[in-house]
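Down below is the structure, laid out as structure tokens.
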Amino acid sequence: MKPYRVLVVDDSAFMRKIISDLIENDANFQVAATASNGREAIEKVNELSPDLVTMDVEMPEMNGLEALKIIMAQRPLPVIMLSGINEEGMKETILALEWGAFDFIRKPSISNSQDIIAVGVSLREQMKEAMLARQQREARASAYKVPELPAAEAAPGPQPERGPVKRSPESPKKAPELPRKPADRLKAKPELSPASEKDKGKSPPGRTAPDSALPPDAAKRSALPPKPASDPSRNRSKEEAKPAQPDSRPAASAAANYESSAAGGDRKSANKGLRKLVAVGCSTGGPRALKAFLENIPADFPAPIVIVQHMPPNFTKSLAQRLNTFSPLEVAEAEQGMILRQGAAYIAPGGYHMRVVPAAGGQYAIDLTLEEARNGHRPSVDTLFESILPYTSLERHAVIMTGMGSDGARMMKSLYDSGVTSTFAESEETCVVYGMPRSAVELQCVRHVLPLQEIAPRLVQAVK
């Protein structure tokens, strides 16, 4: 088999050399050419038709983001972005993923040989997945074509031009739905209005976690992100909200903080407790999928949404900020001890596992840990799903969307077997990489296999 041809785009000649060497460490890939800016990259894509492009985000004359938009409009192909770790680079990387980039890696530190090696491993893994995803798309497209009749069997007269068979949006291809398993439900109807914003940014929860949660590690706890100060007057809209200042006081439990806020006049709301919860997992292609998902969830959605997106530290904050501009919900990077509220979505910070743990008054809070990576990831979808497994009094809903590997599938199976209310997986036709959803479908634990655009509406129906 001929090696796949790669175009390497970076304004630094030294970085072009490093990336080219990392790529050609795998005999399945060959650097066909290099380019020093976005304009030159567009010309070489049109001239050489490479199989894949690695694209620097920040470049003079035309940056990687502008070049990506033109390439995806003129000649779509897998593009892997190389991002710096400064704030502007992270924001532009999130935009690139939204606009069609396959994935991204951070640029290696040229002074650290171990870092260069690690980035090379990650880059080659992503390139292989990109080529596999392309082959699968081509196979699906070929399968949808109507075969031509032999000349002897063809009907007389002019024949219409044949092309791909188009399925109506009302009848998407999907796997059969599995029988619904019984779930524990509460008879009381949930409140449809979002809970008070007073619960935002509480101190870390006491160790009231389920048996599945590992014991805390004091050293690890000290490395958790700073917690915002409690502000009982905080009850503003998205547009009016301002970042809270770090709280230097000793950390209290989330349960204690919740009791305190309830005593300030919200005890009636506090005692009602949480009734419903949605947990979501995704990886490669996830930022674009999350945008399509969250912008179709209404502001009065009667459940918090906790999300694991495989992504390095700091990038998840930029992702949450970007998604918050599209979604009717309040979307934020999760912080230690945050009380889960209806009408809000919480994205696990890169580098931390996220669990859901009980808090006072029937509430639930965020718990962040630095336990070892699971399924090669931290945060891990399996860790999040496992944390909600014991809460059978909650109406729980689990969703898996596009991504490499199988993270989340095993614990979705456990949730399904325990009588979870509903399980959803993104169907192959809309996945950037049909890995995580495929693993869940193969375990026969998915009740609804749907194209991306149908997941949010069906989830809203299931939850409301």
Side-chain angles (χ1 to χ4, degrees), residues 55-58 63-69 72-73 79-107 200-201 225 228 236-244 278-299 301 304-335 338 341 343-352 354 366 379 381 384 399 401-403 426 430-433 452-453 455-456:
M55 180 86 73
D56 186 15
V57 172
E58 300 177 84
N63 65 28
L65 198 57
E66 295 168 331
L68 172 72
K69 289 171 67 176
M72 298 308 290
V79 178
I80 296 174
M81 308 300 291
L82 273 71
S83 172
I85 58 173
N86 59 59
E87 185 175 354
E88 189 61 29
M90 288 187 285
K91 288 180 178 178
E92 291 188 342
T93 299
I94 299 303
L95 284 174
L97 296 174
E98 187 181 309
W99 292 347
F102 178 80
D103 210 337
F104 78 98
I105 59 169
R106 59 176 179 79
K107 276 191 167 185
K200 222 175 182 182
R236 297 188 295 269
S237 67
K238 229 192 245 193
E239 293 74 14
E240 296 170 326
K242 295 181 180 179
V278 175
V280 178
C282 47
S283 185
T284 308
R288 191 168 23 157
L290 286 172
K291 176 181 178 293
F293 174 74
L294 290 174
E295 67 186 2
N296 287 298
I297 303 291
F301 190 66
I305 301 177
V306 284
I307 300 167
V308 164
Q309 161 69 48
H310 296 157
M311 194 170 272
N314 302 318
F315 284 91
T316 43
K317 183 176 183 180
S318 292
L319 174 64
Q321 290 172 343
R322 176 68 177 167
L323 292 173
N324 189 50
T325 65
F326 291 103
S327 178
L329 306 175
E330 289 190 23
V331 184
E333 184 182 57
E335 295 176 358
M338 274 183 165
R341 300 183 298 104
Y346 307 83
I347 297 179
Y352 292 88
M354 181 170 73
I366 296 292
V381 185
L384 174 62
V399 181
M401 298 191 291
T402 177
E426 183 180 353
T430 59
C431 280
V432 173
V433 177
L452 175 60
Q453 64 273 16
I455 294 176

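Since this is a predicted model, take the numbers as computed values, not measurements.
- A96 and M81 get closest at one heavy-atom pair: CB-CG, 3.7 Å.
- Side chain to side chain, T430 and E426 meet the donor-acceptor criterion of an N or O pair below 3.5 Å.
- Contact annotation: the side chain of F104 approaches that of P312 to within less than 4.5 Å [non-hydrogen atoms, C-beta and beyond].
- E66 pairs by the salt bridge (charged side-chain N to carboxylate O under 4.0 Å, His left out) definition with nothing, not counting sequence neighbours.
- Taking both residues in full, the closest heavy atoms of L294 and S327 are given as O-OG, 2.9 Å, listed atom of the first, atom of the second, then distance.
- The CG atom of L452 lies 10.5 Å from the NZ atom of K291; values are rounded to the nearest 0.5 Å.
- Residues Q309 and S283 come closest through the heavy atom pair NE2-O, 3.0 Å.
- The shortest heavy-atom contact between L97 and P287 is CD1-CG, 3.5 Å.
- Using modelled atom types, no side-chain atom of S318 and backbone atom of M90 make a donor-acceptor pair closer than 3.5 Å.
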Practice item. In sequence, state the C-alpha distance, the side-chain angles, and the governing distance for Y346 and I305, and then conclude on side chain to side chain contact (heavy atoms under 4.5 Å, CB included). Key: CA-CA 6 Å; Y346 307 83; I305 301 177; over 6 Å; no
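- Every residue two or more places apart in sequence or in another chain that forms a salt bridge (charged side-chain N to carboxylate O under 4.0 Å, His left out) with R322 is listed here: E98.
- Note that CZ of F301 and CG of N296 are 12.0 Å apart. Values are rounded to the nearest 0.5 Å.
- For Q453, there are no side chain to side chain donor-acceptor pair (under 3.5 Å) partners at least two apart in sequence or on another chain.
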Practice item. Kindly indicate, with the supporting measurements, whether the criterion side chain to side chain contact (heavy atoms under 4.5 Å, CB included) is fulfilled by L82 and V57. Key: CA-CA 6 Å; L82 273 71; V57 172; 6.0 Å; no
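- Partners of K317 under the salt bridge (charged side-chain N to carboxylate O under 4.0 Å, His left out) rule, at least two apart in sequence or in another chain, do not exist in this structure.
- Within the model, atoms CE of M354 and CD1 of I366 stand 4.5 Å from one another, a figure rounded to the nearest 0.5 Å.
- In this structure the side chain of W99 reaches within 4.5 angstrom of the side chain of L65, judged on heavy atoms.
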Exercise for review: Please assess I94 against M311 for the test side chain to side chain contact (heavy atoms under 4.5 Å, CB included), listing each intermediate value before the final yes or no.
Suggested key: CA-CA 11 Å; I94 299 303; M311 194 170 272; 4.0 Å; yes
Review point. Going through the distances and angles, do L290 and L319 end up as a side chain to side chain contact (heavy atoms under 4.5 Å, CB included)?
Key: CA-CA 10 Å; L290 286 172; L319 174 64; 4.3 Å; yes
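- Remark: the backbone N or O of V432 is paired with a side-chain donor or acceptor of T402 at under 3.5 angstrom.
- Note: L329 CG to E295 CD = 11.5 Å, rounded to the nearest 0.5 Å.
- In this view, D103 satisfies the salt bridge (charged side-chain N to carboxylate O under 4.0 Å, His left out) rule with no residue, not counting sequence neighbours.
- Minimum interatomic distance between P379 and P349 (heavy atoms only, all atoms of both residues): CD-O, 3.9 Å.
- Residues S83 and F315 form a side-chain contact, since some pair of their non-hydrogen atoms from C-beta on lies under 4.5 Å apart.
- Taking all atoms of both residues into account, the shortest heavy-atom contact from A456 to I297 is CB-CD1, 3.8 Å.
- With sequence neighbours excluded, no residue forms a ring-ring contact (aromatic ring centres under 6.0 Å, His included) with F102.
- The shortest side-chain heavy-atom distance between L323 and I347 falls under the 4.5 Å cut-off.
- Counting heavy atoms from C-beta outward, E333 and T316 have side chains that approach closer than 4.5 Å.
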